[in-house]
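Here is the structure we will look at, set down as structure tokens.
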Amino acid sequence: MEETGALLRAIGQRKTGLSDKDFLLTWEQTREELEQILDIAQLMKKMREQNIDTRVFNNGLGISVFRDNSTRTRFSYASALNLLGLTQQDLDEGKSQIAHGETVRETANMISFCADAIGIRDDMYLGAGNAYMREVGEALDEGFSQGVLPQRPALVNLQCDIDHPTQSMADLAWLKEHFGGLDKLKGKKIAMTWAYSPSYGKPLSVPQGIIGLMTRFGMEVTLAHPEGYDLIPEVLETARRNATASGGSFRQVGSMEEAFRDADIVYPKSWAPWQVMQQRTTLLRNQDSAGLKELEQRCLQQNARHQQWHCTEEMMKLTRNGSALYMHCLPADITGVSCEAGEVAASVFERYRIATYKEASWKPWIIASMILARKFADPAAVLSRRLQEAQPRIKS
């Protein structure tokens, strides 16, 4: 209970504006706001472990809008809504009036009459996903201000074309747990590297989310990729600014070996070049299936030239004491398991498999924390009441 009390005090002492803005990019939040999200997530996790009911709503909807396939994030969002006492309703755009010309402004209001949260995953179109979320947010602001909506739903970015904040924050929560505190992360070396994949078109949001967030906490962040696999230039500049402000560092190198050398953490993950994602967006919008197939074949051939970008046992020996923490957002392309050749050797992944599951397990708590902080100006008071009542989740 001592740890629970300390977390509650920390949440209450933090000066944040999270109740007045949606969580769309991590670098739009102050460091204190990021830390409050971590604290709320940790406290709710502790409450669950102590069999204390975490529901702060007696009813209400949480709307999910998934424009891309998902396992972890989809179920993490559902879990987060359940933890808070909300019921999930998925917006199936194919069964809506969107195809008949219904505007974003109209849809946002029509799905939100009893909604307390909306989670959106929109990572298919570079330059469009995050912009769509902001358009939804503006429509919700208008609906609430004009008395259409009884409350302003919390809007959470479940992955867009720019950032994957629920993933990167879950990654940060796992690093905090693994190393024993945020203060222990300062000076730690993390290698965010491209890795070979036999598939094409993987979003940029995970590597961009990692370099955009970990540079906030004084870490020494190295980004590595083959020539031509660039990330969005504005995000690279954000990472540089973050590193300067936090006392950490950010550098780019051209080989996995250099990035792995003496690293404390490695994050080998495939992604498509941002220039390719731009071309893909244009082709998708034009419904140019022939152009998409041609682009896919060209990109797969380009990927195949870089199969040495592979997280092997030999590569792991280059890390600090040969025992860096391996991380991945999952699912990983595992050589000899999920594909013939991929991002990571089977023996490396198996050694860290449970660690990656623990990494992923933070996501429901992070999402629940983001919603709670958006809906309540004083989350400490709300959680304090739940602790005082201490209603058991499972009644024996």
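FYI, side chains are in, hydrogens and waters are out, and symmetry mates aren't considered; it's all heavy atoms of this structure.
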- Query: Any link between Met124 and Ile120 through a network of hydrophobic side chains (Ile, Leu, Val, Met, Phe, Trp, Tyr) touching at under 4.5 Å?
  - Reply: no
- Task: Output the distance between atom CD (Gln29) and atom CD (Gln36), rounded to the nearest 0.5 Å.
- Result: 11.0 Å
- Query: Just by distance, with hydrogens left out, do Ser270 and Glu343 show a side-chain donor and acceptor under 3.5 Å apart?
  - Reply: no
- Pairs in or reaching into residues 138-164: which pass ring-ring contact (aromatic ring centres under 6.0 Å, His included), with residues at least two apart or in two chains? none
- Task: Decide yes or no on salt bridge (charged side-chain N to carboxylate O under 4.0 Å, His left out) for Glu237 and Arg240, but give the supporting numbers first.
- Result: CA-CA 5 Å; Glu237 184 54 38; Arg240 293 186 191 99; 3.3 Å; yes
- Task: Check the surroundings of atom CD in Gln287: do more than 12 heavy atoms from other residues, nucleotides or ligands lie under 6.0 Å from it?
- Result: no
- Query: Should Thr166 and Ser76 be marked as a side chain to side chain contact (heavy atoms under 4.5 Å, CB included) after you check the CA-CA gap, both sets of side-chain angles, and the distance that decides it?
  - Reply: CA-CA 10 Å; Thr166 62; Ser76 292; over 6 Å; no
- Arg351 with Glu313: basic N within carboxylate O range, under 4.0 Å: yes
- Message: Is the shortest side-chain heavy-atom distance between Trp271 and Val206 below 4.5 Å?
- Response: no
- For Val344 and His310, which heavy atoms make the closest approach, and how far apart are they? C-NE2, 3.5 Å
- Item | Residues in ring pair (Phe, Tyr, Trp, His ring centres under 6.0 Å) contact with Trp274, at least two apart in sequence or another chain | none
- Task: Just jot down the side chain to side chain donor-acceptor pair (under 3.5 Å) partners of Glu294, sequence neighbours excluded, or say none.
- Result: Arg298
- Query: Does atom CG of Asn286 have more than 12 heavy-atom neighbours, drawn from other residues, nucleotides or ligands, at distances under 6.0 Å?
  - Reply: yes
- More than 12 foreign heavy atoms under 6.0 Å from CZ of Phe75: is that the case here? no
- Decide whether Thr238 and Glu234 meet the rule of one side-chain donor and one side-chain acceptor closer than 3.5 Å. no
- Would you call Asp161 and Met277 a side-chain contact if the rule is heavy atoms closer than 4.5 Å? no
- Interatomic distance, Arg280 atom CZ to Leu295 atom CG [nearest 0.5 angstrom]: 8.5 Å
- Residues that, via side-chain heavy atoms closer than 4.5 angstrom, fall in one hydrophobic cluster with Val253: none
- All pairs passing salt bridge (charged side-chain N to carboxylate O under 4.0 Å, His left out) where residues 326-342 contributes a residue, at least two apart: Lys202-Asp333
- Query: Which hydrophobic side chains are connected to Ile394, either touching it within the sub-4.5 Å cutoff or through other members that do?
  - Reply: none
- Item | Qualifying residues under side chain to side chain donor-acceptor pair (under 3.5 Å), relative to Lys46, sequence neighbours excluded | Glu3
Which side-chain N or O atoms in residues 363-376 pair as donor and acceptor under 3.5 Å with protein atoms at least two apart or in another chain?
unit_1, atom_1, unit_2, atom_2, d
Lys363, NZ, Thr73, OG1, 2.8
Lys363, NZ, Gln167, OE1, 2.9
Ser369, OG, Ile37, O, 2.8
Arg374, NE, Lys21, O, 3.1
Arg374, NE, Asp22, OD1, 3.0
Arg374, NH1, Ser19, O, 2.6
Arg374, NH2, Asp22, OD1, 3.4
Lys375, NZ, Asp116, OD1, 3.2
Lys375, NZ, Arg152, O, 3.2

- Note on the structure: residues 121-134 vs salt bridge (charged side-chain N to carboxylate O under 4.0 Å, His left out), sequence neighbours excluded, gives Glu28-Arg134, Arg67-Asp122, Arg121-Asp123
- Message: Suppose the criterion is salt bridge (charged side-chain N to carboxylate O under 4.0 Å, His left out): which pairs have a residue in residues 210-233, not counting sequence neighbours?
- Response: none
- Decide yes or no for Leu126 and Leu204: does some side-chain heavy atom of the first lie under 4.5 Å from some side-chain heavy atom of the second? yes
- For atom CG of Asp183, is the number of surrounding heavy atoms from other residues, nucleotides or ligands below 6.0 Å larger than 12? yes
- Is there a side chain to side chain contact (heavy atoms under 4.5 Å, CB included) between Ser112 and Ile118 once you walk through the steps? CA-CA 8 Å; Ser112 301; Ile118 300 176; 3.4 Å; yes
- Message: Would you compute the distance between atom CD of Gln89 and atom SG of Cys114 and round it to the nearest 0.5 angstrom?
- Response: 12.0 Å
- Taken to the nearest 0.5 Å, the spacing of Ile63 CD1 from Thr87 OG1 works out to 10.0 Å
- Query: Do Glu350 and Arg353 meet the salt-bridge criterion of a basic N to acidic O distance under 4.0 Å?
  - Reply: yes
- Look at atom CZ of Arg74 and say whether more than 12 heavy atoms of other residues, nucleotides or ligands are closer to it than 6.0 Å. yes
- Query: Does any non-hydrogen side-chain atom of Tyr196 lie less than 4.5 Å from one of Thr335?
  - Reply: no
- Query: Going by heavy atoms in the side chains, are Thr107 and Leu91 under 4.5 Å from each other?
  - Reply: yes
- Query: Between Glu177 and Trp362, is any side-chain donor less than 3.5 angstrom from a side-chain acceptor?
  - Reply: yes
- Message: List the residues meeting side chain to side chain donor-acceptor pair (under 3.5 Å) with Thr26, not counting sequence neighbours, and say none if there are none.
- Response: none
- For Gly119, does its backbone N or O pair with a side-chain atom of Tyr77 as donor and acceptor, under 3.5 Å? yes
- Item | Close side-chain approach of Phe113 and Leu149, heavy atoms under 4.5 Å | yes
- Query: CE/Met327 to NZ/Lys358 distance, rounded to the nearest 0.5 angstrom?
  - Reply: 13.5 Å
- Give the minimum heavy-atom separation between Cys329 and Glu359, together with the two atoms involved. N-OE2, 4.3 Å
- Message: Applying ring-ring contact (aromatic ring centres under 6.0 Å, His included) as the test, list every pair that has at least one member in residues 202-261; sequence neighbours left out.
- Response: Trp194-Tyr229, Tyr229-His306
- Task: Please round to the nearest 0.5 Å and tell me the distance separating atom NE2 of His328 and atom CG of Asp171.
- Result: 10.5 Å
